[in-house]
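This report concerns only the one structure given below.
Values below: all heavy atoms of this structure, side chains included; hydrogens, waters and symmetry mates excluded.
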There are 2 protein chains.
Amino acid sequence: MELTVAEENYLKAIYHLSDGGKKSVSTNDIASEMKTKPASVSDMLRKLGEKEVIEYRKYYGLQITDSGKRYALQTIRKHRLWEVFLVDKLNFAWDEVHEVAEQLEHIQSPLLIQRLDAFLNYPKFDPHGDPIPDEFGDVRSRPRVQLNEMEINQTGQIVAVEDSSAAFLRYLDKVGAYIGARIKVLDKVEFDGSIEILVDQKKTIFMSKDVASNILIIQS
Amino acid sequence: MELTVAEENYLKAIYHLSDGGKKSVSTNDIASEMKTKPASVSDMLRKLGEKEVIEYRKYYGLQITDSGKRYALQTIRKHRLWEVFLVDKLNFAWDEVHEVAEQLEHIQSPLLIQRLDAFLNYPKFDPHGDPIPDEFGDVRSRPRVQLNEMEINQTGQIVAVEDSSAAFLRYLDKVGAYIGARIKVLDKVEFDGSIEILVDQKKTIFMSKDVASNILIIQS
DNA sequence: TTTGAGAATTAGGTTGGTCTAAAAATAATT
DNA sequence: AATTATTTTTAGACCAACCTAATTCTCAAA
């Protein structure tokens with residue numbers, strides 16, 4: 001069965017918002033993610049329900065079906081492969097690729113994606129460090145390391161904290177670190193293991209080894 | 001101004017059918033090229049006229065405007081660059097690329113095309129030997145050679161004949177050669193300059209030097 | 001347990017691109 | 001020149017994807 005471009009986009013948004021089918025998603029959430037109105041979303045949910053890529057009960061919510069997940073992962077795979085292409089081969093900066101990849105992800109040609117994958121040397125992660133699903137939709141999630149174990153000049157993204165006490169989160173917030181931030185290790189002090197990192201290519205933060213060991217990074 | 005995908009496709013078809021604005025094109029021709037019905041074409045011609053990419057007078061015909069030519073050449077440029085990419089980088093066969101390039105040509109991103117062009121080393125011809133317009137729409141047409149001047153194993157495409165008498169054209173038709181045919185030189189006889197060529201990868205033809213000298217080829 | 005507030009859905013309309021069937025314009029033939 | 005044939009355009013409909021406005025549903029608070 002063929003999905004339209006709009007259907008692919010909705011399905012991808014639903015997949016992301018529901019965190020792969022785990023969380024529930026509201027019509028309003030989808031509308032704001034897709035920059036459309038809730039009325040349009042209801043309409044589309046009915047259609048997606050008819051195509052059985054979601055299970056949809058009016059007013060109650062929805063659930064992505066296995067079929068739906070496969071479609072979503074396929075689109076995500078294409079998006080991320082194209083991002084790798086743009087950055088690795090065409091020298092795009094990592095923040096310039098999204099729009100173009102949004103268009104390229106809808107090109108229909110299994111052969112193209114197969115060849116592109118080979119041409120790029122079967123990358124497992126996109127330029128943002130997000131994993132690229134394989135052709136069956138399987139995702140290898142990247143191992144996470146503690147920030148204090150990283151070396152100078154390595155880069156990555158904050159994905160979780162080990163100490164999730166309010167005090168610690170407040171501290172992170174205060175210094176400008178947050179889940180999802182992209183970081184780069186600028187310096188490490190051998191003496192006490194304290195570390196200096198660059199957040200989002202603009203803000204520099206110093207922190208003790210103790211703090212750093214509570215921050216989990218996926219490297220990129 | 002932005003053209004829709006359908007508008008780009010119609011404009012490209014009109015450009016090709018009119019041979020770059022030289023010949024006149026009928027509604028029926030466009031319909032059969034686009035695999036739509038004449039009624040749909042009339043509708044679209046009105047829209048293209050309003051956007052001033054063609055000059056359209058009902059029942060009388062149409063003329064591509066300079067603006068229209070620029071759009072058409074831009075689309076053709078993108079199509080052919082993508083074809084080079086598919087063949088040179090992703091190892092597609094030359095007859096597998098068209099469908100995919102039809103999709104890729106509609107991706108909107110001037111930066112992408114600029115970078116792709118550089119990545120491919122500013123190719124001047126696509127895998128079919130057709131010239132790639134530059135970003136201003138200028139086309140460098142490939143120098144044409146007489147078939148008898150080609151060497152063994154060289155390939156190319158028949159683009160014109162020097163003797164266009166009915167007798168000669170009838171002869172060409174009879175042996176299975178035609179304008180547009182892809183050919184490869186299989187053998188040349190030193191003694192009398194006669195030549196053996198392979199047409200469209202299937203048919204072998206022998207011809208005298210005299211005949212060959214009246215056939216013009218662009219090499220690829 | 002009734003009642004609002006807010007979320008979600010339906011009703012009805014618009015636009016782009018297509019279609020069929022009918023009408024109009026042009027071209028061809030007697 | 002008149003009639004017929006062909007091409008082209010218009011009229012009216014449909015589908016996908018969106019919209020606004022009105023309605024319906026749910027859920028929490030009074």
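Using a cutoff of 4.0 Å between basic side-chain nitrogens and carboxylate oxygens, B/K12 and B/E8 are not scored as salt-bridged.
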Practice problem: I would like to know whether B/K47 and B/T4 meet side-chain contact (heavy atoms from CB on, under 4.5 Å); could you show each step before the answer? | Solution: CA-CA 11 Å; B/K47 288 179 196 166; B/T4 67; over 6 Å; no
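Residues B/E135 and B/I113 form no side-chain contact, since every pair of their non-hydrogen atoms from C-beta on lies 4.5 Å or further apart. Between B/N214 and B/L147, the closest side-chain pair of non-hydrogen atoms is not below 4.5 Å.
In terms of modelled atom types and a separation under 3.5 Å, the side chain of B/S18 and the main chain of B/S24 share no donor-acceptor contact. A donor-acceptor pair under 3.5 Å is formed between the side chain of A/R80 and the backbone N or O of A/P131.
Protein atom CZ of A/R57 is 13 Å distant from nucleotide atom C1' of D/dT26, rounded to whole Å. One can place CE of B/M44 at 14 Å from P of D/dT9, the figure rounded to the nearest angstrom. When rounded to the nearest whole Å, the span between CG of B/D43 and C1' of D/dT10 equals 9 Å. Taking atom NE2 of B/H106 as the reference point, atom P of C/dG17 lies 12 Å away to the nearest angstrom.
Distances shorter than 4.0 Å separate none of the side-chain N or O atoms of A/S40 from OP1 or OP2 on D/dC18. Between A/Y60 and the phosphate of C/dA8, there is no side-chain N or O to OP1/OP2 separation shorter than 4.0 Å. Contact annotation: B/K58 does not reach the phosphate of C/dT26 (side-chain N/O to OP1 or OP2, under 4.0 Å).
Residues from residues 25-39 of chain A with heavy atoms under 4.0 angstrom of DNA chain C, sorted by number: A/S26, A/T27, A/N28, A/P38, A/A39. Applying a 4.0 Å cut-off to non-hydrogen atoms, the residues of residues 45-56 of chain A that approach DNA chain C are A/Y56, listed by residue number. Using a 4.0 Å cut-off on heavy atoms, none of the residues of residues 5-23 of chain A approach DNA chain C.
Between C/dT9, C/dG16, D/dT9, one nucleotide has an atom nearer to the side chain of B/Y59 than all others, and that is D/dT9.
Between the side chains of A/E162 and A/Q146, at least one donor N or O lies within less than 3.5 Å of an accepting N or O. B/T75 and B/Y15 are not linked by any side-chain donor-acceptor pair at a separation below 3.5 angstrom, with hydrogens and angles left out of the test. Side-chain atoms of A/H106 and A/N9 include a donor-acceptor pair closer than 3.5 Å.
Taking CD of A/E55 as the start and CG of A/D66 as the end, the distance is 11.0 Å to the nearest 0.5 Å.
Between A/E105 and A/W82, the closest heavy-atom pair is N-CD1, 4.1 Å.
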